[in-house]
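Predicted model, so just to flag it, every value in this text is computed and none were measured. Below, read A as the first sequence line, B as the second, and so on, with proteins coming before strands; counting in each chain starts at 1.
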2 protein chains.
Amino acid sequence: MAAGTQPVAGKARLEDVARLARVSRSTASRAITGAPGVSEEARAAVERAARQLNYRPNRAARSLVTRRTDLIGLVIPEPTSRLFGDPHFPRLIRGVNEELAGKDLQLVLFTPQSEQDERRLEGHLGSGQIVDGALFVSLHGADPLPARLAAQGVPVVVSGRPLGAVEITYVDVDNQRGAAVAARHLLAAGRRVVATIAGPRDMVAGQDRRAGYRQAMSDAGLLDRTLEEAGDFTRESGYAAMRALLARRPDLDAVFAASDQMALGAMRALREAGRRVPEDVAVVGFDDSPAAAAAEPPLSSVRWPLDEMAREMTRLLLRAIEDRSLPPRGVLLATRLVPRASSGA
Amino acid sequence: MAAGTQPVAGKARLEDVARLARVSRSTASRAITGAPGVSEEARAAVERAARQLNYRPNRAARSLVTRRTDLIGLVIPEPTSRLFGDPHFPRLIRGVNEELAGKDLQLVLFTPQSEQDERRLEGHLGSGQIVDGALFVSLHGADPLPARLAAQGVPVVVSGRPLGAVEITYVDVDNQRGAAVAARHLLAAGRRVVATIAGPRDMVAGQDRRAGYRQAMSDAGLLDRTLEEAGDFTRESGYAAMRALLARRPDLDAVFAASDQMALGAMRALREAGRRVPEDVAVVGFDDSPAAAAAEPPLSSVRWPLDEMAREMTRLLLRAIEDRSLPPRGVLLATRLVPRASSGA
DNA sequence: TTGAAAGCGATACCAC
DNA sequence: GTGGTATCGCTTTCAA
């Protein structure tokens, strides 16, 4: 290399730093990585040399031997149009970032948009050479990618309890208990004909919330399948389900919807049917989305801690990266009922 | 895929593949990378062996010698809350992905949220060992990061003409011409007192659109500074600006707003003032956002090709990666006026 | 067309 | 504490 002292961008190697600091490459490496067993003197010399040469460790070389990349992947296999419309993701990303703060780990986002994208991504992540581990936010829990990666030895944490018996670490909301609390809340208010608009049967959140509702109703000795109708979490489906329920059980005096959107649709149907909320029919939703508080009347809802979810996922992932032998585990986060006018609060 | 050898995940190296295929590592490497000069026979043997062993090239090792990562960064230094609320980003990402399709390049997203994040990111990207190059979507053009990276030799393309004399490749909308076309459209419709609600002075898009308006007005011999008011692209600022304009120039018969949001705010102010659109005052916006078509009356607007912008940025970046000696350049994309009822179409 | 061998730039083991 | 050196897994001359 040239004899000048010009710090050519990205050109200095550890060897150059070592030479300038008049130490061996080994010592220079220890100083740079902060490893123990380096005299204060040597460390200072190395740091000065590194700064002078504008030294940047070659991450490929480092990864080759450490088998680490210091990159954490966040995979969101959603159509970008939905991804960017959903207010959950910003908070989720913020939560991850908070947990990563001060860790010198860089978060990278992947948003596969097609089967082809997913295959390519599997190749990239599966090599284990791009990220040290990956978080999956899979809204439709059927995505095979996380399980495949986990099988290849890549540390993986997913949001939402996976369908089936996949051996994978996940963090989820305690949907069942949350739904049970909502139903009990309605019962405690004196309601006796408590219907539910459940979620889809093929989604875990739908199943669990339905199970929670049934448990509460069963405990009260009031379980009745004619009080159940299913939707797909959308407002329209909530509207349709409510109309079906009203037709079948005009005597109902409360309804628990497995999502705020469905609850809002239900409220419209109730209004159109001339039922007052909460006087005639009390309503509780799930998610405590902004729309819940803004509704007229304000909608009681079950809140779950998205931020904490993101942080817990990150913590679990970091732990799994530290110790690859850790067995998979599931974590359920508690929900909280936020009572508002729609249930008579 | 039945019984037989058990390919231990991520354990096979090129050497193993070569041995199984009964060729040298060199030949195996050539076969894997698709390099020329390999007999069909050898290639087939290597491919079979690779599949059998579930071989994945170690990307760190490869990068170490090729000095490539096959990763393209997309950096969006926006608060995630804004990022995910803005409908532009999905289309942008889709455009990038389309251009990347079939290239075996993986897109990774970075969303630095703070000064600290940006510094860390500079370190990571600046090493040149994480991405081969980066696209920057910097809504506020003042971000120093792209220029810094470019100075370190990392190929970089930004969206939006940068403020100042930064030597960096960019793609932007031809804001000036678009604004001029909008103003001329109003003039051609017979309007004579054409006001403008301009964008912020410290944003390039604001400056350029104002310049376009002035040029058209000046060409018509109708330039008059009392017809100009500035906003910050938001609906509220458009409302306030319109009120100020009406107070100052009650004789105005048209207004060009530098954003649809401002145009919508202006239309509200006009309605409140008892002016009919377009009979009394014609209105044209900029961006042709979904809100424009949905407005009442539908808003004429200047459309710019977001998808093409994303694709052109990607093309320029790929070219810059191929040939690092390419000088920076700026590309301006044409806009198109979409006339609707608000301007009498 | 093929193979042997020289790196790429770090880390980490092992003497000293 | 420090320094020599093997090593990580791949690509790429250079000869054969």
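If you check D/dG3, C/dT11, D/dG9 against the side chain of B/Arg13, the one that comes closest is D/dG9. Checking C/dA10, C/dG3, D/dG3 against the side-chain heavy atoms of A/Val23 singles out D/dG3 as nearest.
Side-chain contact between A/Val131 and A/Ile72: absent, with no pair of heavy atoms (C-beta onward) separated by less than 4.5 Å.
Residue A/Thr66 is in sugar-phosphate contact alone, with no base atom involved, counting any heavy-atom pair closer than 4.0 Å across all strands shown. Within 4.0 Å of A/Ala35, counting heavy atoms only, lies no atom of the nucleic acid at all. Here A/Thr33 lies in heavy-atom contact (under 4.0 Å) with sugar-phosphate atoms only.
Remark: B/Ser29 is in phosphate contact with D/dT11, judged by side-chain N or O atoms under 4.0 Å from OP1 or OP2.
The separation between A/Ile32 atom CD1 and C/dA12 atom C1' is 16 Å, rounded to whole Å. Distance, B/Asn58 CG to C/dT11 P: 16 Å, rounded to whole Å. Put simply, CG on A/Asp70 is 11 Å from P on C/dT11, counting in whole angstrom units. Across the protein-nucleic acid pair, B/Leu14 atom CG and C/dG3 atom C1' stand 13 Å apart, rounded to whole Å. Atom CG of B/Leu64 and atom P of D/dC10 are 12 Å apart (whole Å). Atom OH of A/Tyr55 and atom P of C/dT11 are 6 Å apart (whole Å). For A/Arg56 and C/dA10, the CZ to C1' distance is 17 Å, given to the nearest whole Å.
A/Glu99 CD to A/Arg94 CZ: the interatomic distance, rounded to the nearest 0.5 Å, is 14.5 Å. For the atom pair A/His124 NE2 and A/Arg119 CZ, the distance stands at 13.0 Å (nearest 0.5 Å).
Both A/Glu15 and B/Ser39 lie close to DNA chain C; mapped to their nearest nucleotides by heavy-atom distance, the more 5′-ward contact belongs to B/Ser39. Comparing A/Arg30 and A/Arg25 against DNA chain D, the residue whose closest nucleotide sits nearer the 5' end is A/Arg30. Between B/Ser26 and B/Ala61, the residue whose closest nucleotide on DNA chain C is further toward the 5' end is B/Ser26.
At distances below 3.5 Å, not a single donor-acceptor pair connects side-chain atoms of A/Asp117 with backbone N or O atoms of A/Pro112. Between the side chain of A/Asp132 and the main chain of A/Arg68, no donor-acceptor pair closer than 3.5 Å is present.
Residue-to-nucleotide contacts include no donor-acceptor pair under 3.5 Å from the side chain of A/Arg59 to the base of C/dG9.
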